[in-house]
Amino acid sequence: MGTQSTPDLSTDVSPLSLSTVAVVGLGTMGTGIAEVLTRAGREVIGIDTDEAAARHAVAALEASTTRAVRRERITERERQDVLARFRTFSDLQAAADADLVIEVVPEDYELKRQVITALDGIVRPETILATGTNALSVTRLAADSQRPERVLGVHFFNPAPAMKLVEVVSSVLTAPTVVTAVTALARDLGKDPIAVGDRPGFVADGLLFGYLNQAAAMYEAKYATREDIDAAMRLGCGLPMGPLALLDLIGVDTARTVLEAMYADSRDRLHAPAPILGQLAEAGLTGRKAGRGFYTYEEPGSATTVPDAESPQSADALGAGRTVRSVGVAGSGTMASGIAEVFAKAGFEVVLAARSPEKAEKAKARIAKSLGRSVDKGRLSAEARDTALAAITPAGSLDAFADVDLAVEAVAEDLEVKQQLFGTLDKVCKPGAVLATTTSSLPVVACARATSRPEDVIGMHFFNPAPAMKLVEVVRTVLTADDVHATVRAVCTKVRKHPVDCGDRAGFIVNALLFPYLNNAIKMVQEHYATLDDIDAAMKLGGGYPMGPFELLDVVGLDVSLAIEKVLHAEFRDPGLAPAPLLEHLVAAGCLGRKTGRGFREYARR
């Protein structure tokens, strides 16, 4: 290969010259890719040995174009032209005149190898062969071809007509000009292509499936219910679906296959498929397509879940809690003032205690500004603002908590500081008061042991900004009383938050799943596998994430992220959780994200 020259496709091949495309395999993905190509003016040869699949593909294209006409996106004439450009066949020989062949047969190496080697003897020498794999080695498939320099990966995301991301995967054997031509085609199709190298999962699935695997392991360990895990990631991270619901959508068996390939390549225990994935797959409980996976569905293929033996009990089953009328909030920062605002708006009497009367007054002024913005945006009436503000009493000492029913601390994330504070709350607060910590990474039980009443202590992890974020992680220790747990669940509901239960271990639900994903994204950049921009684009466009991992890291703060990752690594002792050296180097250099003007990216200073 070293001295062999290849045609300069970057100058003599435009995306328009790839005018005839064969799609081999007319399942959901193949049908979607065929629709994208035909609607972009390409002649498409659909090939599937199953004639029923071919008929279904034609029917799907007819239905989608009918909807497009009804919505006035295309004319009836354009619809007819689209349908005329799509022809189906049952024999690979139909690909003989194709400029590009995309195979999307089932994710089985031997099957894909047979398709690609068969195509070698059918297509023209200049034809490009693309595999749609998301888990198998593109390099290995290319090496089995007689034209490895013209083989690459083209990974569309489901549903292909709607999803903008396309990963263009080159192996060490792929001619750069082939990558250029296919990348140009993807752009011409209205997609956002990113160039990636050949490793299992590529970028989007490489990050996504590790996260899904950890969620499955968390559920398997009975650390949290499936509903709470899914709600935590939707509400805490703004994701369109929870991880277990997403596994059911993807297919538990498919996820296991992808993870097996990732683990074979990385040997990272985070990629070793959680045993429950194998158990569900072997039992045929593969998700929506089977009618049952992590959840149970109305029927195979349905998106509607139905109650089953694991469905949550009603709130009444928790038993009676304690009466809470007044709440003390300790702290003067953004989180403390946000929590105080949440309780005041919900009708609680609030004591906001800081280290000095001046700090407490300043925190109340911050709340007044926040409530004022809500009034300006029409979310709150002026009367409700005034009532909420009147419910907040600033104080310069924790002594003001003598009569509160619930004390919530939101001070610095330092165990010694929190333990001292809980020691003070133990002396100040009346018997029966619930004592809560908002820690995101420290052991709640260590705060509880600083008191003489550990049964009254619980974690209430609010998310920033507290007035906007709906999630609260309710963290029971092994010592927390049942009625304290019931009390906090009821209070969360009253302040219009969604409580999820979890045990007292590092990261709880959200951070335990989020930060290993962020750490793996950093490792991709560190290893020069993909760029910051491509990774962020892949997760937003391919995974539906509201922010890319590097955008999020810079917002959260690299120092905060590093501290959480260190806590996770120390708790679970998994080498895969060790903070990426690049993150440690940036923090050591003072590049902490937006707050310092530079993190993974540079920001204009205000």
Between [X] (side chain only) and [Y] (backbone N and O only), is there a donor and an acceptor less than 3.5 Å apart?
X      : Y      : result
Asp228 : Asp501 : yes
Lys191 : Met163 : yes
Gln526 : Leu582 : yes
Asp268 : Tyr263 : no

Answer yes if the side chains of [X] and [Y] hold a donor-acceptor pair under 3.5 Å, and no otherwise.
X      : Y      : value
Tyr295 : Asp230 : yes
Thr438 : His461 : no
Glu310 : Thr225 : no
Glu455 : Thr480 : no
Asp536 : Tyr545 : no
Tyr211 : Asn520 : no
Asp426 : Thr451 : no

Item to check | Test: Lys494 cationic atom under 6.0 Å from Phe348 six-membered ring centre, within 45° of axis | outcome: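 That pair qualifies as a cation-pi contact.
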So, do [X] and [Y] sit near enough that their side-chain heavy atoms are less than 4.5 Å apart?
X      : Y      : result
Thr334 : Asn464 : yes
Cys492 : Val474 : yes
Phe343 : Leu406 : yes
Leu389 : Leu371 : yes
Met262 : Val258 : yes
Val555 : Phe550 : no
Thr393 : Lys364 : no
Met539 : Pro549 : yes

With a 6.0 Å cut-off (strictly less than), is the heavy-atom count around [atom1] of [X], excluding the residue itself, greater than 12?
X      : atom1 : result
Arg598 : CZ    : no
Lys430 : NZ    : yes
Lys566 : NZ    : no
Arg601 : CZ    : yes
Asp403 : CG    : no

With a 4.0 Å cut-off on N to O distance, would you call [X] and [Y] a salt bridge?
X      : Y      : result
Arg322 : Asp456 : yes
Lys595 : Asp559 : yes
Lys540 : Glu551 : yes
Arg325 : Asp405 : no

Checklist entry - In chain order, what residues pass the side chain to side chain donor-acceptor pair (under 3.5 Å) check against Glu409, with sequence neighbours excluded? => result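 Per chain and number, Glu409 pairs via side chain to side chain donor-acceptor pair (under 3.5 Å) with Lys418, Thr437.
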Item to check | Verdict with reasoning, Lys345 to Glu341, per salt bridge (charged side-chain N to carboxylate O under 4.0 Å, His left out) | outcome: CA-CA 6 Å; Lys345 284 194 295 190; Glu341 177 182 334; 3.3 Å; yes
Checklist entry - Does the pair Asp248 and Arg288 meet the rule for a salt bridge (charged side-chain N to carboxylate O under 4.0 Å, His left out), with working shown? => result CA-CA 5 Å; Asp248 274 356; Arg288 283 192 193 180; over 6 Å; no
Next on the checklist: Show, in sequence, the C-alpha distance, side-chain angles and deciding distance for Glu527 and Arg199, and conclude whether the salt bridge (charged side-chain N to carboxylate O under 4.0 Å, His left out) test is met.
Outcome noted: CA-CA 12 Å; Glu527 294 162 8; Arg199 69 187 233 183; 3.0 Å; yes
Item to check | CA sep, side-chain torsions, deciding dist, call: Asp308, Arg226, salt bridge (charged side-chain N to carboxylate O under 4.0 Å, His left out) | outcome: CA-CA 12 Å; Asp308 58 20; Arg226 62 191 180 184; 2.6 Å; yes
